[in-house]
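Everything on this sheet refers to the single structure shown next.
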Amino acid sequence: MKKLTALLTALLLVFAAIGANAQSLDFLSQIYPDYTGNYTFSLTFDNAASAASLLKELNIPDEINNFIDVKAMLEGLLSADGTLVTEMSFSKDFKKGEIALTSDSVHGITVNKNLELNAKCKIGIWMSVDMTDAAAPKCSVIYAYPFTNKYMHIDLFDMLTEQSDKDAMAGFFASVFSEQFMNDISTFSAGLIAKYADIKMSGSTATVKINAAAFSSILSELSPKILELYKPLMTAYGDGSDEYNAFSESMDMMKKLAELTFVGKDGITLTYRLSGGKITSCSANFDMQIDIRQIYKLLTGEDWQLVNNGTLDFTFKYNASLSKFGSTKVNIPALTADNSFSLNDMIKDLTPGGQYDPSENDVWIPVESTALPVIDGTFYIPVRDFANAACEDAEITFNNGEIRITNKEGSDAPFSEMVLNAGSDKVTINGTEYTASGNTFIDNSMTFVSSSVFKDAFGWYIAYADFDMLTGICSFCFASAN
């Protein structure tokens with residue numbers, strides 16, 4: 001639930017941002033609760049040669065170039081072109097409405113001169129909110145991700161069984177989905193833009209330029225203000241709650257990020273075109289520079305020892321057209337038993353903190369990975385990430401399609417050995433063979449096994465599962481009830 005709250009926060013900031021980017025100008029003093037935005041974007045990795053040099057310094061063997069064009073592959077993996085459509089239709093007081101964010105992107109990947117791939121990626125999030133009846137609040141979310149074959153949907157209030165928990169959630173949503181809250185965030189953000197950005201008007205065009213120093217200052221001042229705005233909302237769960245602590249940690253990280261370099265010498269340029277007092281289109285050019293040396297220092301406390309300067313340079317561009325002010329209809333997918341599955345059905349009742357209480361379970365194994373496929377309503381578990389999380393000291397070997405996980409001496413994991421075979425539904429755990437609901441498979445160099453095996457062998461279930469859009473990390477947790 002913590003990450004779900006963070007996702008909702010991100011969505012709120014998305015539609016507050018249109019008014020916040022330069023709200024000190026009169027024509028941008030309003031927030032648009034009902035509009036459609038069509039965006040095209042491109043992300044280009046500008047210094048793949050330097051990144052390839054860094055990999056070489058990290059002792060990636062030269063022989064790899066016999067098989068892979070490292071420079072070309074990096075350029076493809078870290079570049080993308082795509083489209084984004086935002087649809088929003090809310091009442092003026094923000095108590096009832098719908099939001100949709102859908103994106104299509106294409107990644108052209110060159111492995112070597114004999115193999116080129118084009119990966120098409122689709123992502124969608126649709127949310128419906130109705131807070132008009134305080135006694136019966138509603139909020140449902142539908143997800144479409146590349147690692148699922150069907151829509152995932154969840155009803156936030158149905159997940160909670162205790163009325164006190166539902167009341168706390170309703171209080172939180174009623175405060176967040178309000179015109180006052182939107183205005184508070186928007187007004188403060190606009191003040192920061194006016195304070196640090198270079199804003200120029202020319203006829204019906206407004207240009208906003210933000211350099212690296214301005215970007216850092218905006219981040220450092222914005223995080224405590226957002227925390228201040230959210231504090232009275234999070235007290236609905238009680239001071240010191242998991243939700244508030246998690247959000248506070250996120251804001252602390254934002255302040256640390258303000259110390260890092262993210263903006264290159266050309267900075268950020270936003271250009272707005274106006275008609276009838278409204279923004280009709282806008283474009284952006286963002287010179288991004290990620291300094292790995294700074295990140296390494298922040299995470300380890302140690303100085304960078306390599307010769308390579310450790311910087312990654314990107315250029316991000318987008319063009320947007322805004323329309324249908326006051327007349328947008330959000331197109332929410334029609335769900336059927338064949339094209340969707342419910343997370344409410346797959347995940348057991350949550351506690352007030354938004355997670356299971358580990359003390360109520362014999363086993364509590366949190367896992368993070370870059371993928372968590374769902375096939376026919378069943379989670380498929382990334383084997384290596386699971387083994388590293390479940391085992392104190394595991395050895396993983398691969399031999400002609402056989403994957404063997406062996407716990408070394410001293411491990412307290414509930415199994416000593418697990419053997420799987422790609423393309424087979426048979427899994428052997430501690431010498432006993434089990435039949436999974438589907439075949440173990442390998443995709444993008446990752447091995448996945450059906451979660452049904454863990455239920456049959458240990459009685460484990462997936463206690464929670466979510467996806468962080470900002471980091472691309474899937475988080476899930478195995479648990480077994482007493």
Side-chain angles (χ1 to χ4, degrees), residues 10-44 46 80-90 92 99-105 179 182-219 221-222 262-289 313-328:
L11 288 171
L12 292 175
L13 293 177
V14 164
F15 44 79
I18 290 181
N21 279 336
Q23 197 178 358
S24 57
L25 304 177
D26 291 342
F27 64 86
L28 286 172
S29 61
Q30 59 182 309
I31 294 176
Y32 305 148
D34 190 314
Y35 75 97
T36 297
N38 288 277
Y39 302 79
T40 59
F41 63 85
S42 66
L43 178 67
T44 306
D46 297 323
D81 294 289
T83 61
L84 171 69
V85 177
T86 63
E87 296 174 326
M88 179 172 170
S89 179
F90 262 76
K92 185 178 180 180
I99 312 164
L101 299 175
T102 54
S103 174
D104 289 351
S105 61
E179 188 175 7
M182 298 293 182
N183 282 327
D184 286 345
I185 291 182
S186 184
T187 300
F188 184 77
S189 301
L192 292 180
I193 298 295
K195 181 178 179 181
Y196 293 110
D198 178 15
I199 304 173
K200 287 185 170 60
M201 284 292 301
S202 177
S204 60
T205 301
T207 303
V208 179
K209 293 187 176 182
I210 304 171
N211 60 26
F215 184 80
S216 178
S217 297
I218 289 169
L219 271 185
E221 290 193 34
L222 184 61
F262 286 104
V263 179
K265 61 181 179 62
D266 293 332
I268 304 169
T269 300
L270 303 166
T271 303
Y272 296 90
R273 286 160 288 278
L274 320 170
S275 177
K278 289 184 171 63
I279 303 171
T280 57
S281 65
C282 59
S283 60
N285 194 319
F286 186 176
D287 178 13
M288 300 171 61
Q289 185 177 85
D313 295 324
F314 300 85
T315 300
F316 178 70
K317 297 181 179 181
Y318 79 74
N319 289 284
S321 63
L322 307 183
S323 61
K324 298 182 181 179
F325 296 103
S327 61
T328 290

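Worth knowing before you read on, the calculation uses all heavy atoms, side chains too, and leaves out hydrogens, waters and symmetry mates.
- The main-chain N or O of Ser321 is never found under 3.5 Å from a side-chain atom of Ser281 such that the two would form a donor-acceptor pair.
- Of all heavy-atom pairs between Leu84 and Phe41, the closest is N-CE2, 4.2 Å.
- Asn38 is listed as a side-chain neighbour of Val85, based on a closest heavy-atom distance under 4.5 Å.
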Evaluate Val263 against Ile268 for side-chain contact (heavy atoms from CB on, under 4.5 Å), listing each step before the verdict. CA-CA 7 Å; Val263 179; Ile268 304 169; 4.2 Å; yes

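- Between Asn319 and Ser283, the shortest heavy-atom distance links the atoms OD1-CB, 3.2 Å.
- A donor-acceptor distance shorter than 3.5 angstrom exists from the side chain of Ser217 to the backbone of Ala213, with no hydrogens or angles considered.
- Asn211 is not listed as a side-chain neighbour of Tyr196, based on a closest heavy-atom distance of 4.5 Å or more.
- Closest non-hydrogen pair, Ala197 versus Ile210, comes out as CB-CG1, 3.9 Å.
- Thr328 contributes a side-chain N or O that, together with a main-chain N or O of Thr36, makes up a donor-acceptor pair within less than 3.5 Å.
- Taking the side chain as every heavy atom from C-beta outward, Leu270 and Tyr318 approach each other to under 4.5 Å.
- In this structure a side-chain-to-backbone donor-acceptor pair under 3.5 Å is present from Asp34 to Ser327.
- A 4.5 Å side-chain heavy-atom check between Ile193 and Val208 finds at least one atom pair inside the cut-off.
- Under a 3.5 Å cut-off, the side chain of Thr315 and the backbone N or O of Thr44 do not form any donor-acceptor pair.
- For the pair Lys265/Asp287, a side-chain contact is recorded, criterion being any heavy-atom separation below 4.5 Å from C-beta on.
- Classified by interplanar angle (parallel below 30°, tilted 30° to 60°, perpendicular above 60°), the ring pair Phe262/Phe215 is perpendicular.
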Kindly determine whether Thr102 and Glu87 satisfy side-chain contact (heavy atoms from CB on, under 4.5 Å), including the steps that lead there. CA-CA 9 Å; Thr102 54; Glu87 296 174 326; over 6 Å; no

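- With Thr83 contributing its side chain and Tyr39 its backbone, the two residues share no donor-acceptor pair below 3.5 Å.
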